[in-house]
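Below: the structure, in structure tokens.
In this text the structure is predicted, and so the values were computed from the model without any measurement. Letters A, B, ... are given to chains in the order of the sequence lines, protein chains preceding strands, and every chain is numbered from 1.
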Amino acid sequence: MRKEWDVIVVGGGPAGLAAALACSERGIPQENIVILERDRQLGGILQQCIHHGFGLHLFGEELTGPEYAQRFIDRVQDSSIVCKTDTMVLEITNQREVVAVNAQDGLMVLSGKAIILAMGCRERTRGALNIPGTRPAGVYTAGCAQRLVNMEGYMPGKEIVILGSGDIGLIMARRLTWEGAKVKLVCELMPYSSGLTRNIVQCLEDNDIPLRFEHTVVQIHGKSRVEGVTIARVDGDRKPIPSTFEYIPCDTLLLSVGLLPENELTEAAGIQMDSRTKGAMVDQHRQCSVEGIFACGNVLHVHDLVDNVSMEAQTAGIAAADYIMQDRKPEGITVSVQNGSGVSYTVPQRIVPGDEDVDIYLRTRGVFKPATLTIQAGDKTLLQKKKSVMTPGEMEKVTLPAEKLQDIAGTITVSVIGG
Amino acid sequence: MVSQKEFVCTVCPVGCRLTVSQAEDGEIVVRGNTCKRGARYGRDEFVDPQRTVTSSVWVEGGDLPLVSVRTQGSVSKAKIPEVLQALKRCKVCAPVHVGDVIIPHVAGTDTNVVATRNVRKK
Amino acid sequence: MQYDVVIIGAGVSGAAIARELSRYQLAIAVVEKGSDVASGASKANSAIVHAGYDCDPGTFMARFNVQGNAMMASLCAELQVPYKPIGSMVLAFSPEDEVHLEKLYQQGIQNGVPDMSIQTGDWAREREPHLSPEVQSVLWAPSAAITCPYELTIALCENAAVNGVSILTDFEVRSLQRDKDAWQISAADGRKISASWVINAAGVYADCINALAGGAPFTICPRKGEYMLLDRKEGTVVSTVIFQPPTAMGKGVLVSPTVDGNVFAGPTALDMQDREDTSTTQSGMDALTRCARLSVPDLHLYNVITSFSGIRAVLKEKHDFLIERSGTVENFVNVAGICSPGLSSAPAIALYVRDLLRDGGLPLRERPDFSPHREHTKPFRHMNRKEKAEAIAHNPLYGRIICRCETVTEAEIVAAIHSPVPARSIDAIKRRTRAGMGRCQGGFCSPRVMEILARETGMDLQEVTKFGKGSWMVCGKIKEDGRNGEDQTHA
């Protein structure tokens with residue numbers, strides 16, 4: 001295995017594939033780009049997302065996860081981009097060294113002129129939620145169950161309660177029902193769902209599966225295998241109300257309670273992190289605090305649409321190529337992007353003003369219906385945008401024209417208010 | 001008025017609450033929508049809701065045990081149980097390619113079930 | 001099968017006794033009710049090798065703790081079990097606490113605990129910067145250490161097995177009959193074995209086993225302790241074992257690093273009726289949070305990766321271990337009430353039990369081929385780059401990482417499945433390799449671990465369990481009822 005590369009892409013899911021392709025299109029020789037993927041195949045988590053609904057923005061049609069992935073895999077495999085599957089990256093250094101292992105090549109120490117981080121995310125677990133009770137078999141994250149059903153063909157259980165109304169949980173409710181399981185109900189801690197309305201209608205309502213808002217699982221029962229769960233309504237502080245405790249017999253509890261970017265390698269490389277996104281701090285080119293290291297996709301922040309992952313990866317790929325080819329202007333002043341009221345995070349977190357307009361992605365804190373988004377520099381309003389609704393479940397994008405960014409020193413603030 | 005149903009529109013995140021009613025002369029009226037697509041959605045949901053079915057079927061002799069599949073277009077919601085039944089009985093042999101027809105005209109509809117991924121021969 | 005010695009219970013005490021007796025020319029079996037060794041209190045406790053100052057002088061607890069502590073480093077080295085002599089501090093927040101520290105110090109002196117000292121709060125904060133500013137003074141005991149209790153138990157069993165001991169799992173003792181000069185032992189599943197000597201190391205069930213044998217009655221009170229384990233990100237918040245002033249129920253809530261680089265808070269102490277109720281409770285978690293923050297105010301409890309509880313076997317009659325040859329039935333030794341400091345004491349308890357057997361007339365002739373060393377390859381995650389490269393070159397399965405969070409390779413999982421005490425469940429593999437113990441708690445790797453276990457043992461995925469009987473992982477294949485007489489389609 002050769003040591004020196006132009007670009008090392010860590011992760012062969014939608015982000016890594018699109019980033020590698022973008023590097024190549026920008027002029028990096030394909031044979032100098034390597035993708036390192038830990039799974040046995042390219043495509044990442046999309047391969048187990050066999051439902052449809054991917055690609056409406058990018059391809060104008062609704063693809064299934066594997067179909068969406070295949071469009072990128074075909075392009076990568078038709079190119080000379082080097083792909084190493086079943087390959088695990090153990091370490092990334094701030095000197096842009098990547099240590100990886102696989103069964104064929106053994107331990108590899110690679111060095112890249114640029115590195116693109118595209119490791120994706122993982123699911124929050126029972127432990128992170130600290131659900132009290134016994135510790136039987138039958139508590140699965142929705143994604144783990146999805147892999148068992150869709151990739152291995154095994155049923156995780158017959159009578160199922162789902163905690164969390166995230167999209168994977170909703171999709172799995174339908175999938176398991178279609179495979180003959182009884183999904184008894186879905187509990188959602190919040191008064192609203194983090195999943196798409198379409199999934200609530202088509203996955204739950206179509207199959208008569210009740211969705212209980214402001215409910216949570218307060219105890220797991222069963223010695224060897226899950227025998228039931230106690231659910232409860234929560235009060236305004238999200239604390240369970242004892243008088244509402246209700247025992248639901250079931251053999252499986254699925255958790256669909258959120259995703260966390262997988263940034264252990266990033267943190268170990270000493271890259272500056274954002275505690276809100278749980279991803280790296282980046283500029284609009286998706287460059288991290290360590291020069292020549294870029295991040296994109298769910299490792300940077302958890303996206304709700306894969307189309308946005310691919311587009312962000314393209315941004316990072318182009319920037320990595322430009323960085324290698326010394327096409328990027330050296331960083332002068334940078335503008336930091338602050339969260340104002342109603343905003344839980346923005347990406348990028350800093351902007352290097354240049355000739356190009358800058359897209360700012362953000363999530364709101366709560367539902368605003370209608371909503372007004374404002375970007376300010378001090379007292380000066382740079383931009384204002386109205387929308388009929390903004391929710392935490394839908395990432396918002398706002399484009400800040402390049403000329404608005406001239407002569408800005410220090411910070412800009414993005415805020416969202418109702419009305 | 002003959003019948004009336006309520007839906008939450010799923011076309012966009014606004015989630016308009018639609019009320020769809022049908023008069024005795026057969027005319028269908030959608031209320032509560034704020035765009036044309038919403039009107040169409042409400043009408044379709046009322047008359048004959050359409051769904052895409054995705055699933056997976058077992059593969060003989062493949063490098064993977066299962067191939068993921070979908071209905072190429074959508075099928076009537078009422079047909080879903082029949083589609084699932086047909087998928088249950090189905091088994092294919094490797095190799096399979098994205099787009100291969102797995103079940104033509106599934107459950108008597110004009111839609112095919114097609115493969116959504118490649119499975120190579122073992 | 002006829003054995004010289006049968007040990008009931010494969011917890012740390014039973015395992016240590018088995019391993020000690022495996023030095024001699026004896027036919028020995030360890031019988032365990034669970035599907036794996038270390039499946040009771042030995043898999044869920046504080047993992048502390050206590051210094052020994054808090055035991056009442058003159059008790060077995062005091063004697064075996066201090067003696068066991070002195071033996072532990074070399075035992076762990078022989079068995080390749082992690083051991084870190086990091087020392088412990090008992091905190092004093094008030095003048096009353098300081099009186100208590102002085103008492104512990106004097107007790108420690110009597111018990112023979114080496115090198116203790118009472119230090120100021122500032123001295124303690126210099127070593128432990130995250131310690132509460134309210135801490136006035138501390139009792140410092142450098143001989144305290146941490147290890148991994150289930151790994152130690154598994155290693156003791158493996159080493160015993162290699163030296164000829166039979167480890168019989170899923171063996172729930174249903175009857176114990178003394179016929180002429182042998183014990184007849186029957187299991188719930190019908191298996192029957194016999195032994196000249198029986199050692200009762202049955203943990204929370206020791207009183208039941210004693211009653212089966214007809215020994216003079218005693219009572220075990222199950223006492224639950226809940227724990228919260230934090231992500232490795234928090235692993236540097238403390239570097240020594242931090243105790244609070246003890247309570248009537250035990251040593252109080254402690255905050256301690258683990259040998260794997262995590263940090264934990266625990267245990268609570270709650271007397272129970274049920275011997276197997278290892279459920280965690282909201283009130284327990286709340287209490288832990290409150291107590292742990294007294295010691296370390298900025299402990300980030302949102303970085304909890306899992307919580308669990310263990311049941312300690314507390315003897316009702318007196319605050320001590322009960323370790324003796326039964327006065328009422330022949331050739332029957334009770335090793336009961338082994339709550340804290342049971343882990344610390346296990347090596348010394350094993351020696352004492354050996355002496356009881358010898359004094360009872362069991363001839364002990366050393367085996368010439370006894371090996372005190374456990375063959376155990378260094379975990380991949382602890383290898384340096386060169387060692388990793390060599391390991392993969394030697395066995396390519398080292399190049400396949402199955403558990404991402406803990407960097408566990410397929411080679412290590414396969415080795416655990418084929419080890420001297422073979423892993424036969426997801427949890428057994430987890431305890432031997434750490435696969436699934438990290439921050440994703442098996443979300444990514446459990447399907448793959450299931451697949452490897454099924455492949456290596458020839459079982460179907462549907463037979464794979466989390467921890468033995470009843471703890472099934474999957475319940476059938478999709479579209480199963482349609483798999484017969486299917487329409488064959490050629491794509």
Working to the nearest 0.5 Å, report the span between OG of C:Ser279 and NE2 of A:His221. 9.0 Å
Closest heavy-atom pair, C:Pro447 versus A:Glu152, reported as atoms and distance to 0.1 Å, is CB-OE2, 4.3 Å
Taking only Lys NZ, Arg NE, NH1 and NH2, and the carboxylate oxygens of Asp or Glu, determine whether C:Arg404 and A:Glu264 approach each other closer than 4.0 Å. no
Report the C-alpha distance between C:Gln282 and A:Val218 in whole Å, list the side-chain angles of each, state the deciding distance to 0.1 Å, and finish with yes or no for side-chain contact (heavy atoms from CB on, under 4.5 Å). CA-CA 8 Å; C:Gln282 192 61 53; A:Val218 293; over 6 Å; no
Engaged part of A:Glu179 at the chain C interface, taking heavy atoms whose separation is under 4.5 Å: side chain
Taking A:Thr134, A:Asn130, A:Leu148, A:Ile131 one by one, which has the highest count of heavy-atom pairs under 4.5 Å against chain C? A:Asn130
Non-hydrogen atoms of chain A under 4.5 Å away: do they reach the side chain of C:Asp460, the backbone, both or neither? side chain
I'd like to know whether C:Lys388 forms a side-chain contact (heavy atoms from CB on, under 4.5 Å) with A:Leu90, so could you lay out the CA-CA distance, the side-chain angles of the two residues, the decisive distance to 0.1 Å, and finally the verdict. CA-CA 11 Å; C:Lys388 281 175 179 158; A:Leu90 301 178; 4.0 Å; yes
NZ/A:Lys3: more than 12 non-hydrogen atoms of other groups inside 6.0 Å: yes
Among the listed options A:Ala145, A:Ala103, A:Ala181, A:Gly106, the residue most often paired with chain C at heavy-atom distances under 4.5 Å: A:Ala103
About how many Å separate CZ of A:Arg124 and SG of C:Cys440, when rounded to the nearest 0.5 Å? 14.0 Å
Where does A:Val99 contact chain C at under 4.5 Å (heavy atoms): side chain, backbone, both or neither? side chain
Region of A:Leu260 that comes under 4.5 Å of a non-hydrogen atom in chain C: neither
Heavy-atom side-chain contact between C:Ser446 and A:Cys144 under 4.5 Å: yes
Under 4.0 Å between a Lys/Arg side-chain N and an Asp/Glu carboxylate O for C:Arg385 and A:Glu91? yes
Side-chain donor-acceptor pair present, A:Arg135, C:Thr306, cut-off under 3.5 Å: yes
Do you know which of A:Asn102, A:Asp105, A:Leu255 has the most heavy-atom pairs with chain C at a distance under 4.5 angstrom? A:Asn102
Under 3.5 Å, side chain of A:Tyr154 to main-chain N/O of C:Met473, donor-acceptor pair present? no
Pair count under 4.5 Å, heavy atoms only, with chain A: among C:Arg448, C:Glu226, C:Arg232, C:Met450, highest is C:Arg448
Should the heavy atoms of other residues, nucleotides or ligands under 6.0 Å from NZ of C:Lys378 be counted, would the total exceed 12? yes
Within this structure, what is the SG-CE distance for the pair C:Cys475 and A:Met155, rounded to the nearest 0.5 Å? 6.0 Å
With distance as the sole test, does A:Thr141 use its side chain to make a donor-acceptor pair with the main-chain N or O of C:Gly443 at under 3.5 Å? no
Between A:Leu107, A:Thr252, A:Val109, A:Val149, the one whose heavy-atom pairs under 4.5 Å with chain C are most numerous: A:Leu107
Of all of A:Leu176, A:Thr87, A:Asp251, A:Ile220, which one pairs up most often with chain C through heavy atoms under 4.5 Å apart? A:Asp251
Rounded at 0.5 Å granularity, tell me how far CZ in C:Arg400 sits from CZ in A:Arg40. 7.5 Å
Note: C:Lys469 and A:Ser224 closest approach over all heavy atoms is O-OG, 3.5 Å
Is it the backbone or the side chain of C:Phe308 that comes under 4.5 Å from a heavy atom of chain A, or both, or neither? both
From the list C:Arg439, C:Gln462, C:Gln441, the residue making the most non-hydrogen contacts under 4.5 Å with chain A is C:Arg439
Report the option among C:Glu451, C:Met285, C:Met228, C:Lys386 that has the most heavy-atom pairs separated by less than 4.5 Å from atoms of chain A. C:Glu451
Any side-chain heavy-atom pair from A:Trp178 and C:Ile478 closer than 4.5 angstrom? no
Would you sort out whether C:Phe380 and A:Val101 count as a side-chain contact (heavy atoms from CB on, under 4.5 Å), showing the intermediate values? CA-CA 11 Å; C:Phe380 187 75; A:Val101 292; 4.1 Å; yes
Top residue by heavy-atom pair count (under 4.5 Å) with chain C, among A:Gly180, A:Ala100, A:Pro156? A:Pro156
Look at atom NE2 of C:His394 and say whether more than 12 heavy atoms of other residues, nucleotides or ligands are closer to it than 6.0 Å. no
Is the terminal nitrogen or CZ of A:Arg38 (NZ for Lys, CZ for Arg) located under 6.0 angstrom from the six-membered ring centre of C:Phe444 and within 45° of that ring's axis? yes
